[in-house]
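This report refers to the structure that appears directly beneath it.
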2 protein chains.
Amino acid sequence: MVDHHTRLVVVNDGETGAARAGDADGPSTARQGRTAAGDVWFRPSRARRETPPLSRERIVREAVALLDEEGAERLTMRRLAERLGTGSTTLYWHVKTKDDVLDLALDSIFGEVGLPSGPDGGRWREDLTALVGGWRAVLLRHPWSAAVLGRPLMGPNVLDRTEFMHATLVAAGFTEPHLSAAAYGLSNYVIGSTLMQATWQARDEETARQAAEEHLRARRDRYPTLAEHGPPIGKDWDASFALGLTYLLDGLEASKL
Amino acid sequence: MVDHHTRLVVVNDGETGAARAGDADGPSTARQGRTAAGDVWFRPSRARRETPPLSRERIVREAVALLDEEGAERLTMRRLAERLGTGSTTLYWHVKTKDDVLDLALDSIFGEVGLPSGPDGGRWREDLTALVGGWRAVLLRHPWSAAVLGRPLMGPNVLDRTEFMHATLVAAGFTEPHLSAAAYGLSNYVIGSTLMQATWQARDEETARQAAEEHLRARRDRYPTLAEHGPPIGKDWDASFALGLTYLLDGLEASKL
DNA sequence: CGAGTGACTGGATCGTTGGTCCGGTGGTCG
DNA sequence: CGACCACCGGACCAACGATCCAGTCACTCG
């Protein structure tokens with residue numbers, strides 16, 4: 001019993017598909033199988049033609065693409081589903097919540113940049129500089145990531161980088177109070193820098209900078225230093241980042257003595 | 001003249017008020033002045049009793065309270081309005097969008113911590129340490145702020161602090177490539193640190209830490225260093241912050257030579 | 001003293017969101 | 001041949017940010 005083609009229809013001859021033969025037409029016409037070309041005979045065949053059956057990977061890849069193109073607050077489950085050619089509810093089979101998608105997307109971009117070859121105590125400054133630079137580059141290449149950094153970074157790709165950083169520091173000879181502080185300082189410096197830069201670049205940087213400059217000049221009695229030196233943004237992001245990093249590394253190196 | 005008792009009602013004796021005498025009962029009963037006790041005589045007095053007529057300040061103050069109590073994603077215009085005893089739409093007269101509320105709330109908390117007394121070239125390390133420490137303390141006292149840092153910080157309270165920082169650096173003798181990089185490095189270090197710490201503390205830190213530790217130990221072949229030293233979180237936030245700050249300041253100081 | 005003004009308020013409503021319910025699918029294996 | 005399972009999606013829900021527009025009040029001016 002129970003069997004579903006309740007109304008005897010040839011189901012399995014390889015074509016046709018005979019999707020929902022009965023259904024008694026339903027109470028409401030309800031969109032009614034898209035246009036009038038819904039007759040069995042025009043249906044492609046093999047059910048869902050060639051859709052690679054929608055994996056979590058495919059969802060994440062498409063989410064990253066959507067985020068890159070339209071930004072963080074334009075990511076909605078519906079829009080994402082539409083790009084994937086499915087219904088929004090289907091996504092919830094592969095993923096528990098929207099936050100899952102964000103976490104996965106965020107971790108996935110860290111896979112884009114390789115690690116410097118194995119930690120080497122003698123080259124720790126170069127290795128850390130390269131690591132941290134790649135980290136920053138990835139975050140800036142996907143500016144939406146900054147807005148989303150306020151969640152635990154515990155995905156495999158992030159952990160790979162964190163592991164490398166700790167291993168490098170250990171190999172360089174740093175021990176406990178300094179070890180934690182070094183990892184802490186480096187991570188937070190990168191995160192903070194990226195967050196700030198992405199924040200400003202997200203809204204037409206030049207215009208924003210000019211508005212800020214004007215605002216400061218108009219209140220130069222209250223902000224004399226800022227008015228004179230210009231707004232503390234966008235002077236030369238790369239140079240400031242590099243210089244600040246050397247401060248950190250210099251101070252770190254000195255702590256070993 | 002001028003006197004306002006339009007309908008010959010003694011208005012100014014301190015009571016009664018005669019709020020909306022006419023109104024012809026309106027076309028739709030529509031909730032009908034809350035319950036049946038809507039008769040003029042039972043109405044409090046003085047029109048809108050004692051509501052301080054809902055200023056932008058009041059909105060921001062209440063928004064901060066709401067954020068403190070319930071977190072960033074529980075802030076909605078409706079809930080905020082309810083706490084203020086008004087309808088949600090009313091808020092939009094004082095504020096253009098919800099983001100305005102966030103910007104104002106974020107800036108307002110920076111007013112909580114004072115500035116060290118005027119910049120003094122000789123005490124720049126102490127002054128900057130104090131400034132940055134206060135900054136961090138405020139952000140941690142309002143953990144929702146971290147999730148919201150991805151927006152331009154250009155409010156008056158933030159600018160006061162930024163001005164102080166720049167003035168201190170100038171007074172200390174830093175000049176251009178270093179001046180920008182120093183301000184950049186310090187700000188971003190604080191922001192990154194706070195963001196990370198608030199992120200973890202937002203979800204029951206001890207539990208999260210244990211879960212992370214377990215996760216790492218289960219994969220100790222992939223993350224040997226991390227598994228051995230424990231997850232790179234929550235060891236001692238304050239100490240790591242202070243130590244990292246000294247690295248930065250040491251490196252900065254060395255750059256002056 | 002009546003008409004008017006501008007600051008301020010809120011009910012109804014719109015389009016959209018994240019998420020759930022539940023009734024389906026096709027393919028495969030016993 | 002029937003049962004199962006991985007997978008899909010229409011209908012639906014409560015809640016959200018935002019807007020429209022019809023007011024109501026304190027006060028001023030002619």
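If you're wondering where the values come from, they're calculated on a predicted model, not measured in any experiment. Convention: sequence-line order gives letters A, B, ...; per-chain numbering from 1.
A:E69 is linked by a side-chain hydrogen bond (donor to acceptor under 3.5 Å, both in side chains) to A:R83, counting only residues two or more places apart in sequence or in another chain. Every ring pair (Phe, Tyr, Trp, His ring centres under 6.0 Å) that A:Y189 has, sequence neighbours left out, goes to A:F241.
We find that CD of A:E57 is positioned 16 Å from C1' of D:dC7, with the value rounded to whole Å. As a whole-Å value, the separation of B:W93 CH2 from C:dG6 P is 12 Å. Separating the CG atom of B:L80 from the C1' atom of D:dG17 is a distance of 13 Å, rounded to the nearest angstrom. Protein atom CG of B:L102 is 10 Å distant from nucleotide atom P of D:dA18, rounded to whole Å. Whole-Å rounding puts the B:I59 CD1 to C:dC8 C1' distance at 11 Å.
If you check every strand for non-hydrogen atoms under 4.0 Å, B:L91 touches nothing. Within the nucleic acid shown, B:T90 comes within 4.0 Å of at least one base atom, counting heavy atoms only.
Taking side-chain N and O atoms only, B:H94 has no distance below 4.0 Å to OP1 or OP2 of C:dA7. Within the 4.0 Å cut-off from OP1 or OP2 of D:dC16, at least one side-chain nitrogen or oxygen of B:R79 is found.
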Contact list (N/O, under 3.5 angstrom) for nucleotides 19-23 of chain C vs protein:
{"unit_1": "C:dG19", "atom_1": "OP2", "unit_2": "A:Y92", "atom_2": "OH", "d": "3.1"}
{"unit_1": "C:dG19", "atom_1": "OP2", "unit_2": "A:K98", "atom_2": "N", "d": "2.7"}

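A:D160 and B:R222 are joined by a salt bridge, as a carboxylate oxygen and a charged side-chain nitrogen come within less than 4.0 angstrom of each other. Under the 4.0 Å criterion applied to side-chain N and carboxylate O atoms, A:E62 and A:R58 are not assigned as salt-bridge partners. The residues B:E57 and B:R61 are annotated as not salt-bridged, no charged nitrogen and carboxylate oxygen being separated by less than 4.0 angstrom.
Taken from CG in A:D68 to OG in A:S145, the straight-line distance is 9.0 Å, to the nearest 0.5 Å.
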